[in-house]
Amino acid sequence: MSTTPSPLRLSVVVPVKNEAGNIAALVAEIGSACGPLSPFEVVYVDDGSTDDTHEALVRAQHSHPWLRIVRHDRSGGQSAAVRSGVLRARAPVIATLDGDGQNDPSFIPALYAALDQGGPGIGLAQGQRVGRKGRWKRFQSKIANGVRGKILKDATRDTGCGLKVFRRDVYFSLPYFDALHRFMPALVTREGFGVVHRDVIDRPRFTGRSKYGMFDRLWVGLLDMAGVWWLIRRRRPAPSATEAARDGSGGP
């Protein structure tokens, strides 16, 4: 009987910065939620934490063999942390969620199913939060998403939701820049792939305060949006390419 491990179906990438108090509970939740998707792995990216985040991850790793730990020597931001995790991920499908507990990992299987059922033409299953906590956050999100939707026409109500499931190869076809994770629906569409959406429940963070800015804030978001708009405008259909045979006929 072969002892070769089964290929991984899913890699879950979780960017964290100074979230020591949220590690144990969320790691356990992810494990429970992703059980039906086994074999899977979880890649936590410690984005230059200055608290006990790394120690908490090491403790969690003792009881969760599918947990991997990546460390940044200094904080690079959420998009950089996601990219570091995806670079090291070993599955063809990636799920992401925030590391503060606000994203409920129980929605990962539904997002995975939406991507899978859509076939190879679907590149991203995007979560869209309902029941967001905090009046000020809801106000900021409504403005940011409203402006973005009018300019980029990405047909997505909430691109800032950290719960996403996407194809690893599609992710690497996208241009990388800071805040990429907030513009993935528009950029995935730009590459010719479809985007599907599923509502997910927003909940309070487990402990602590937010470390990453909300759209970092509107002014930075507007500058990024202008760049994404330019990229979309500059997109041209890629020509079909075939390699010429040795006799020069152009056949396969």
Side-chain angles (χ1 to χ4, degrees), residues 8-15 41 43 45 47 70 72 75-99 103 108 111-112 114-116 118-129 144-145 147-198 200 212-216 220-241:
L8 294 170
R9 295 177 65 192
L10 177 70
S11 294
V12 182
V13 173
V14 188
E41 66 177 359
V43 183
V45 182
D47 185 32
V70 176
H72 283 174
S75 180
Q78 192 167 357
S79 284
V82 169
R83 184 174 177 81
S84 289
V86 178
L87 278 167
R88 288 159 179 80
R90 296 174 295 186
V93 175
I94 309 293
T96 62
L97 71 160
D98 296 340
N103 295 154
I108 291 176
L111 289 165
Y112 183 97
L115 183 78
D116 185 54
I122 299 298
L124 167 68
Q126 170 72 53
Q128 299 194 124
R129 292 166 290 191
N145 282 303
V147 172
R148 188 212 67 257
K150 287 184 180 298
I151 294 175
L152 302 184
K153 304 185 187 305
D154 56 12
T156 301
R157 186 183 74 242
D158 177 20
T159 64
C161 178
L163 271 166
K164 297 174 170 67
V165 174
F166 49 86
R167 303 186 192 281
R168 187 174 185 271
D169 58 348
V170 171
Y171 175 87
F172 285 118
S173 74
L174 308 180
Y176 174 72
F177 58 95
D178 192 29
L180 164 63
H181 65 287
R182 296 190 179 278
F183 295 97
M184 281 187 65
L187 292 171
V188 167
T189 302
R190 174 182 181 267
E191 293 301 314
F193 294 93
V195 178
V196 293
H197 305 87
R198 292 294 182 271
V200 300
Y212 292 119
M214 162 104 176
F215 217 31
D216 286 331
V220 176
L222 287 173
L223 291 173
D224 291 335
M225 194 181 307
V228 173
W229 176 83
W230 182 86
L231 285 170
I232 292 172
R233 294 273 295 179
R234 296 298 298 168
R235 177 69 173 174
R236 297 292 183 269
S240 176

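Side chain of K164 to backbone of T159: a donor-acceptor contact under 3.5 angstrom is found. Looking at R168, its side chain does come within 3.5 Å of a backbone N or O of L87 through a donor-acceptor pair. Distance alone, capped at 3.5 Å, places no donor-acceptor pair between the D98 side chain and the N103 backbone.
T189 meets the side chain to side chain donor-acceptor pair (under 3.5 Å) test with no other residue; sequence neighbours excluded. Take P120 and apply the side chain to side chain contact (heavy atoms under 4.5 Å, CB included) test, not counting sequence neighbours, and it matches no residue. Take H72 and apply the side chain to side chain donor-acceptor pair (under 3.5 Å) test, not counting sequence neighbours, and it matches D47, S84. For L174, the side chain to side chain contact (heavy atoms under 4.5 Å, CB included) test picks out L180, M184, L187, V188, E191, with sequence neighbours left out.
Looking at R167 and F193, their side chains never come closer than 4.5 Å, going by heavy atoms from C-beta outward. The side-chain heavy atoms of Y171 and I94, taken from C-beta on, include no pair separated by under 4.5 Å. Inter-residue side-chain proximity for P185 and L124 is flagged as met; some heavy-atom pair is nearer than 4.5 Å. In this structure, the side chains of C161 and Q128 stay at 4.5 Å or more apart for every pair of heavy atoms. In this structure, V196 and L115 have side chains that are not in contact, with every pair of non-hydrogen atoms separated by 4.5 Å or more.
For residues 75-91, the set of pairs meeting the salt bridge (charged side-chain N to carboxylate O under 4.0 Å, His left out) definition, not counting sequence neighbours, comprises E41-R90.
Between F177 and F183, the two ring planes are tilted [angle within 30° to 60°].
For the atom pair R129 CZ and L163 CG, the distance stands at 9.0 Å (nearest 0.5 Å). The CG atom of D116 sits 11.5 Å away from atom CG of L10, with the distance rounded to the nearest 0.5 Å.
Contact record, G160 with R182: CA-NH1, 3.5 Å, taken as the closest heavy-atom pair. Smallest separation of non-hydrogen atoms from V82 and V13: O-CG1, 3.9 Å. Minimum interatomic distance between I108 and A95 (heavy atoms only, all atoms of both residues): CG2-CB, 4.1 Å.
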